[in-house]
Visitor: 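Please see the structure below; I have some questions.
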Amino acid sequence: MKRLFRMFSLPNGFIFLFLAVGFLIFLFYSQQLVESRNKPTTISMAVPVKPDKLKTFPPSHQQPSKEAVEMDVLKNLIAWPSTPLLPINLSWNDTSDPAHSSFTVLPKRGGGQWCVGDELEVLIQIYNFQGKPKKSGGDVLLARLHSPSLLAGVAGKVVDHLNGSYSALFPLLWEGNVQVEVILVHSSEAVTVLQQVSRLQPYRIFFRSLFRSGPLTESTLCNVYIDAPQEQLCNYTDLYTGEPWFCYKPKKLSCDARVTHAMGGFKKNISRREEMLFQRGINLKVSIPPSSRYNISVHPRVQEQTKRTSNIVRKEPSGYYYHGVWRPLDGTKLQQFNSSKAASQCLRRKVLHLFGDSTIRQWFEYLISSFSDLKKFDLHTSQQAGPLMALDYTNNIMVTYRCHGPPIRFANVPVSQLRYIANELDHIDGGPNTAIVIGIWSHFSTFPVDVYIRRLQSIRKAVVRLLSRAPDTLVVIRTANPKALTVYETLTNSDWYSIQRDKLLREVFKGLNVRLVDAWDMVLAHHLPHNLHPQPPIIKNMIDLLLSYICPPPKDKTRENQPKRLG
């Protein structure tokens with residue numbers, strides 16, 4: 001007993017007591033750790049912050065992700081020249097006027113006659129409605145060179161000199177008389193309005209979902225982002241791609257009772273004075289007149305002629321029309337498939353999957369209407385949203401169409417059929433008998449550009465996974481295209497928005513072993529009016545190009561004709 005007492009006496013007793021207490025604490029927390037490891041893990045999905053508070057980079061103590069760094073690079077890629085601030089007492093007399101503006105075909109460098117292989121340069125000067133020259137850039141211009149009698153045309157490259165003047169550059173690719181066309185899509189002041197709308201009204205298009213349980217139904221608003229407490233929302237963020245989507249919770253039904261998705265409406269919120277900047281036939285997609293002759297005669301190529309180009313950096317067109325037929329400039333030999341037999345022979349024993357918006361569904365509709373052997377199989381689905389399927393039993397051909405995931409402005413899409421392209425690609429085996437077409441751009445125009453970039457990044461990852469497991473799979477990307485514009489179309493899907501999405505699409509897929517159908521150049525270079533859904537002659541050329549990718553002609557032993565990587 002005395003020995004025990006001496007053990008607890010200071011200092012030895014104090015040390016013993018301290019060790020005993022420490023051992024008990026260790027046992028307690030060890031048990032807690034074991035129990036916590038046996039508990040199921042729960043993931044809490046947080047409601048995203050407002051777009052104006054979004055940050056590309058995480059806190060400074062974390063390393064930014066590859067996608068976050070890329071997002072900043074991509075945003076810089078689509079930076080637009082500065083446009084004028086709009087005063088409260090804005091007068092449209094001070095804005096860009098296509099009627100007072102003009103363009104001039106510059107003389108050939110070095111003199112002499114124009115020949116195939118030369119480059120034509122046009123100088124464009126923008127004036128306001130008072131006939132005074134503009135002193136700043138930022139206008140949206142489109143240009144093409146064409147020969148109506150030859151059904152020939154090529155898109156031009158427009159360069160902004162930031163002082164009210166612009167250059168349009170064209171390669172001379174065929175002989176004969178050619179003429180220039182320049183179109184003012186938007187004034188720089190109109191771009192200011194579009195920038196403001198994008199910044200202040202990024203969710204001006206909204207959506208609805210129907211919830212149903214037995215006879216009880218409810219409808220609530222949905223969007224990529226909703227400014228509301230988390231407990232008021234149903235969170236439908238995709239677990240695989242991370243794509244966010246939210247709906248207000250129904251009052252009486254659960255979030256699991258959601259059955260359909262549909263466009264809800266559009267909030268138009270610009271002033272009458274601002275709306276004057278978008279007048280058809282006046283300052284919205286109107287041709288600019290030439291200051292002098294705007295057509296020239298192009299002569300045959302001179303032997304040993306060197307290609308003459310300006311010192312302005314330009315993007316080469318992807319192709320041109322001649323006698324109404326598209327001629328790619330990337331080495332692809334376009335074949336014309338004018339009969340069901342030719343198309344069936346190309347697609348024999350193949351599967352063609354089409355993913356995207358209505359501009360891709362248009363390809364499905366063209367295929368079944370043009371090739372009689374391909375019959376639509378009734379899946380009892382919506383003609384607008386699909387999914388759709390067509391079969392050629394004799395030749396063992398299957399063509400499918402599926403719309404991309406939200407945001408998509410279709411009516412009453414069943415939630416069970418509302419799927420993301422990346423997830424669908426992960427369920428495709430791929431291989432030499434599989435071709436995939438992706439077209440996704442139009443429905444993202446009204447949303448913050450981050451939303452579109454994130455979607456493209458997730459699709460690209462899925463394409464990389466697909467090509468890794470099945471390198472022989474053909475993947476084709478359809479770009480955006482210019483369209484007819486009204487005030488509504490401008491605020492929701494202007495060519496200015498499409499130009500930015502088009503640049504992003506090309507850059508994100510740059511370097512991958514995918515092929516490109518350059519719908520932008522194919523619509524701009526054609527003589528038919530611009531349309532969201534291009535007219536049949538343009539679609540035929542797009543389909544012929546697609547089938548030429550699927551069924552390339554035999555390789556020329558003297559010249560390799562391997563598919564080129566995009567970019």
Visitor: What's the spacing between L221 CG and C247 SG if we round to 0.5 Å?
Guide: 8.5 Å

Visitor: Which pair of non-hydrogen atoms, one from R501 and one from F444, has the smallest distance, and what is that distance?
Guide: NH2-O, 3.3 Å

Visitor: Relative to Y236, does R258 satisfy both conditions: NZ or CZ under 6.0 angstrom from the six-membered ring centre, and within 45 degrees of the ring's axis?
Guide: yes

Visitor: Which residues pass the salt bridge (charged side-chain N to carboxylate O under 4.0 Å, His left out) test with R460, sequence neighbours left out?
Guide: E70

Visitor: Taking atom CZ of R208 as the centre, report whether more than 12 heavy atoms of other residues, nucleotides or ligands fall under 6.0 Å from it.
Guide: yes

Visitor: Quick check: closest heavy atoms across M522 and M542, and the distance to 0.1 Å?
Guide: CE-N, 3.7 Å

Visitor: Run the side chain to side chain donor-acceptor pair (under 3.5 Å) test on D357 and S442 for me, step by step, so that the C-alpha distance in whole Å, both residues' side-chain angles and the decisive distance to 0.1 Å come before the verdict.
Guide: CA-CA 7 Å; D357 53 35; S442 176; 4.9 Å; no

Visitor: Only one of E275, E489, E274 clears salt bridge (charged side-chain N to carboxylate O under 4.0 Å, His left out) with K268; which?
Guide: E275

Visitor: Are H146 and Y321 an aromatic pair by the rule of ring centers under 6.0 Å?
Guide: no

Visitor: Quick one: does K540's side chain have a donor or acceptor within less than 3.5 Å of a partner on Y366's backbone?
Guide: no

Visitor: Write down the atom of A525, the atom of A155, and the distance for their closest heavy-atom approach.
Guide: CB-N, 3.8 Å

Visitor: I'd like to know if E189 pairs up with K134 as an ion pair, taking the criterion as any Lys NZ or Arg NE/NH1/NH2 lying under 4.0 Å from an Asp or Glu carboxylate oxygen.
Guide: yes

Visitor: Under 4.5 Å between any side-chain heavy atoms of P133 and K135, yes or no?
Guide: yes

Visitor: If the condition is disulfide (SG to SG under 2.5 Å), which residues does C403 pass it with, not counting sequence neighbours?
Guide: none

